[in-house]
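Scroll down for the structure; my scribbles are underneath it.
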2 protein chains.
Amino acid sequence: MDTIDFKALSELMMNGRMTWAELGSCLGLSSPATAERVRRLEDQGVIKGFTALVDHEAVGCALTAFVAVSLERPEHRNRFLQKIMEMQEVQECHHVAGEDDYLLKVRCKGTRDLERVVSDTVKSIPGVARTRTTIVMSTPKETPSPPLFPEDIIDATRR
Amino acid sequence: MDTIDFKALSELMMNGRMTWAELGSCLGLSSPATAERVRRLEDQGVIKGFTALVDHEAVGCALTAFVAVSLERPEHRNRFLQKIMEMQEVQECHHVAGEDDYLLKVRCKGTRDLERVVSDTVKSIPGVARTRTTIVMSTPKETPSPPLFPEDIIDATRR
DNA sequence: CCATTTGACGTAATTTTTATGGAAAGCACG
DNA sequence: CGTGCTTTCCATAAAAATTACGTCAAATGG
């Protein structure tokens, strides 16, 4: 991981379908060298994949909510996670420190679906003690990729 | 938006760099027709863009946290949002209903950075009354794109 | 009911991009 | 100073994207 890889990530985060030639000229490399670097980043798992960013409202997913979940006992974890993985509407599942055990980001069509997801599905999972749902009214900012700190990466290289 | 567009979204969510020919064969279309459809989805804003999914840990962003923010008065909103937009570490900012006003998803290198972001930066924004930070220990699930409900889309077409 | 228009698609030709193989430059190591 | 390894570039062949153009079907309008 050097500065060039970094710039590559940054560019590919902004436009994941740019050609290697385009990216190469940003990087000061030829297209084969660029393709090779990106392939390596994928192999290393730095790049987990490429995806289209879909507007959730445009596909009828108008409602976003955060659902905090408390589990009765740790034994229920695996079963809980397994269920969560199967649920399309759960976009994120974080194991958190603090009052609750898990924080879910749920996206669905509307309140009716939310009711189904939270009251029926989540609460029916064995071990779920309680849930606390927070409705999202608007989302002024949402970026899928982590911030990039080039300076740190240079340091990381020096390891 | 018809069933084909839907399948296209679904495929492009899984692999954002697939060729139009590949996608076309999934869709039963030729590559020009495929490219045209995808271009239209972009124009309509259904596809907001294409991006590389970067592993945050691989780039030194090891810490994820949710920060709930309460604002004193609504007048502070614009200034607050403006500041939030400038902060790389804030990956998401949701305006929420309930006890708090905003819920931020923050990603940074470690606790030291979190301290800087929350205690120094966020709390120094005028109007921020209080914050409540929840540390993420692990993230079993995280998908950037919304769930797709083909059946609803077919209905939408019938409008 | 038929002619015309419009939109979407496929095929083929052209251009661009990617993949591949081979050679040279840089670098660590002995 | 040479050896082996890595990374790069260049050239060429293969593949993909783009463009142009003709066809078809559904919608439009007389």
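This is a predicted model, so every value here is computed, not measured. The chains referred to below are lettered A, B, ... by the order of the sequence lines, with proteins before strands, and numbering in each begins at 1.
Nearest nucleotide to the side chain of B:W20, out of C:dT18, D:dA17, C:dA12: D:dA17. Ranking C:dT18, C:dA19, D:dA17 by closeness to the B:T19 side chain, first place goes to D:dA17. For A:R37, the listed nucleotide lying nearest its side chain is D:dT7; candidates were C:dA12, C:dT18, D:dT7. The listed nucleotides are D:dT8, C:dG10, C:dT18; the one nearest the side chain of B:L29 is C:dG10.
Within 6.0 Å of CZ in A:R79 there are 12 or fewer heavy atoms belonging to other residues, nucleotides or ligands. Atom NZ of A:K48 is surrounded by more than 12 heavy atoms from other residues, nucleotides or ligands within 6.0 Å.
If B:E22 and A:A33 are placed on DNA chain D by their nearest nucleotide, the residue sitting closer to the 5' end is A:A33. Comparing B:I4 and B:R17 along DNA chain C, the residue whose closest nucleotide (by nearest heavy atom) sits nearer the 5' end is B:I4.
With no hydrogens or angles considered, a side-chain donor-acceptor pair links B:S70 and B:D100 at under 3.5 Å.
In this model, the phosphate group of D:dT18 is not approached by any side-chain N or O of B:R39 to a distance below 4.0 Å at OP1 or OP2. At D:dT7, one or more side-chain N or O atoms of A:R40 fall inside 4.0 Å of OP1 or OP2 (strictly under the cut-off).
Here the P atom of nucleotide D:dA17 and the CG atom of B:L23 are 10 Å apart, to the nearest Å. The separation between A:M18 atom CE and C:dT18 atom C1' is 15 Å, rounded to whole Å. Between the CG atom of B:D5 and the C1' atom of C:dG7 there is a distance of 14 Å, rounded to whole Å. One atom, CG of A:L27, and another, P of D:dT8, lie 10 Å apart when rounded to the nearest Å.
For the residue pair B:M13 and B:P146, the shortest heavy atom distance occurs at CE-O, 3.6 Å.
Counting non-hydrogen atoms under 4.0 angstrom, A:G28 reaches the backbone sugars and phosphates but no base.
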